[in-house]
Amino acid sequence: MIKLRKFINKYFLQIVLLIIAFSYYLFFLNKNLVNFDEGYFVHAAQRIFLGDIPYKDFSLQYGPLYFYLLSFGYKLFGLTIYFGRFLSLIFCLSIIVSIFYLLNLLKIKSKKIIILVFLSIISFGYPLLNIPNLMWPTVFISILLIISFVLYLKNKDNRFLFSLGILIALLFLLKQNFALYYLLFYNLLFIVFQRKSIKRIFKSLLTFNLTVSLVTSVWIYYFFLKDNLVGLIEYINFSRNFIAAYAFSYPPLTNLFKPFGFIKLIPYYLPIFVLIFTLILIFKRKLDFKIILFSLSAVLGFFVAIYPQSDLLHVYPFFGLVLVSLILLFYKDKKFKYITIFVLLCISIGFYLTFFQSIYENYYLKDKSVVNLQRAKGILVENYRLETINSIEKFLNENTSNKDYVLFYPFNPLFYFIFDRKNPSKDSIYYVRAWRFYDDERIIEEIKQKKTKYVVAYGPYNFKTKLSDFINNQEKVATFSSMVIFKIKH
């Protein structure tokens, strides 16, 4: 009891801030339903829950870990939209806790710095806060990697080498692009920070990489090498085609001459400034290596996140860490007050985007109608969306059962989850070719083989594709707002 009281007294501010963060994140928990991104995660996890194996029974563009975590939650708490959202909340709080731990390692006690860091983390997040999203565990693991590396250098304890290897392996189970870059990053760090001892470099590299290889090989064997080499080839081809389909672009500096151009450029050019300044301080040897490590890791995460898609949604996850890097780089500087003003401007931008801009679907101020579906009960959406949801539910209940196959076209995988209907295809998204594994002929064949009863087209569906033409040639049986239902002719 005495130890607990001392702990609370020592970290009272951090505890209060965590409670504030929990309340803030909780506010978004029942806001909106996101057909595309949220749907992709919950539908894939639902298929695992029902016994399907990813890469074999259905396509999956990410590592399997997060989806199995969601599926495990469904087994414990039932198939509900809320579990994935709570999971994101937990990871976001874990990010804050890990940042507080890092500040403690840096012996930063200033309440001003702690609060500024806290606001930097929470200001950028929504609309990715209220849906399941594997970027938050990726950010969390990137911070745990920093902590493990710092503790390894401090204590020369091989247990932290194993933890570093396991964490990189977990990244391979989440997002392989991050895992590859961080694997290279930490291999380089082992060499740089132990350059005076060849023996220690060799030992740490061997232990670290062997741990990564052993853990990673287990799931690669289980999902691919055991009896699914075709799935491995399809996965590699998909990843290659996905990257090739998007031309990477970066906002040009000419945006400075447009209204609010400077503010729009900040999220994209601040990481470049942080990187340059960090490199300058490295050469001058004027900075704590822990801050250098944090800054380089945050900037690396930022650039990996925005490639090949550099839209604002891909900026969000690591931008908070970039702001924290800026604070740590300058908090001892005499001119830190100017950095504080700039950071507060960025924080204001983050909260403004959250509360007043339609970045993702529709911002929460319009979400006032309550969904009554069993798996999404209590979620708030716009009234027109509720009417559409209710119309689809009524039609499906009158004409199908949960054992029937229904295709939700072209990018609405959330509907498989909330309406409890079976997907006839291995894919869950049928719009942009880069977002699916299989071509139109394969999907059409799956529709026919599974005796699919209906296609529910929500949103634009007239495309110059074989699948779109096939759907348009079926019998149109119902229309509600922007939704059309086709009956498949067999």
Side-chain angles (χ1 to χ4, degrees), residues 7 10-22 24-25 65-66 69 86-111 113-125 128-129 133-155 157 159-171 173-175 178-179 182 185-186 189 274 288-302 304-305 316-329 331 350:
F7 179 85
K10 185 176 181 179
Y11 298 107
F12 181 75
L13 175 61
Q14 288 87 336
I15 293 170
V16 170
L17 292 176
L18 279 172
I19 293 171
I20 292 172
F22 176 77
Y24 176 69
Y25 293 150
L65 178 61
Y66 190 77
L69 192 57
F86 265 113
L87 192 60
S88 287
L89 186 153
I90 291 168
F91 277 118
C92 287
L93 289 177
S94 300
I95 289 168
I96 296 172
V97 171
S98 61
I99 290 293
F100 284 162
Y101 183 80
L102 266 175
L103 294 180
N104 193 52
L105 284 177
L106 289 166
K107 299 179 180 179
I108 294 176
K109 308 293 183 181
S110 168
K111 292 180 180 179
I113 300 299
I114 292 172
I115 293 172
L116 201 60
V117 165
F118 169 77
L119 292 174
S120 298
I121 293 296
I122 71 166
S123 58
F124 283 85
L128 298 179
L129 289 175
N133 189 289
L134 47 73
M135 282 306 303
W136 299 127
T138 300
V139 173
F140 178 52
I141 288 176
S142 76
I143 302 170
L144 293 183
L145 282 166
I146 297 169
I147 293 171
S148 295
F149 189 80
V150 168
L151 293 177
Y152 166 70
L153 291 183
K154 180 181 178 181
N155 301 308
D157 189 335
R159 289 179 298 176
F160 294 111
L161 275 178
F162 288 112
S163 68
L164 281 162
I166 291 170
L167 288 169
I168 293 291
L170 289 177
L171 276 183
L173 278 160
L174 287 169
K175 283 182 72 69
F178 280 90
Y182 276 109
F185 179 64
Y186 279 94
L189 290 178
V274 169
D288 188 329
F289 85 92
K290 294 186 283 294
I291 296 176
I292 290 173
L293 175 59
F294 184 88
S295 297
L296 292 177
S297 177
V299 171
L300 175 62
F302 175 86
V304 176
Y316 277 176
F318 277 88
F319 188 72
L321 298 192
V322 173
L323 277 181
V324 174
S325 300
L326 185 67
I327 295 167
L328 297 180
L329 288 169
Y331 79 100

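By convention here, the first residue in the shown sequence is residue 1.
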Quick one: closest heavy-atom pair of [X] and [Y], and the distance?
X	Y	result
Y66	N133	OH-N, 3.0 Å
I96	Y25	CD1-OH, 3.7 Å
S142	Y186	O-OH, 4.2 Å
I291	L329	CG2-CD2, 4.0 Å

Side chain to side chain, [X] and [Y], heavy atoms closer than 4.5 Å:
X	Y	value
L13	F118	no
F185	L145	no
I19	I15	yes
L103	V117	yes

Review point. Got a second to check how far F289's CZ is from L296's CG, nearest 0.5 Å?
Key: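 So the gap between those two atoms works out to 12.5 Å.
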
Point to revise | Residue pairs fulfilling salt bridge (charged side-chain N to carboxylate O under 4.0 Å, His left out) with at least one residue in residues 289-302, sequence neighbours excluded | key: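 Applying salt bridge (charged side-chain N to carboxylate O under 4.0 Å, His left out) to every pair that reaches into residues 289-302, excluding sequence neighbours, yields D288-K290.
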
Practice item. Could you name each residue pair satisfying salt bridge (charged side-chain N to carboxylate O under 4.0 Å, His left out) that touches residues 159-170, not counting sequence neighbours? Key: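 Salt bridge (charged side-chain N to carboxylate O under 4.0 Å, His left out) check on residues 159-170 returns D157-R159.
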
**Study point:** Which residues share a ring pair (Phe, Tyr, Trp, His ring centres under 6.0 Å) with F86, sequence neighbours left out
**Key:** none

Review point. Can the ring centroids of F318 and F178 be said to lie less than 6.0 angstrom from one another?
Key: yes

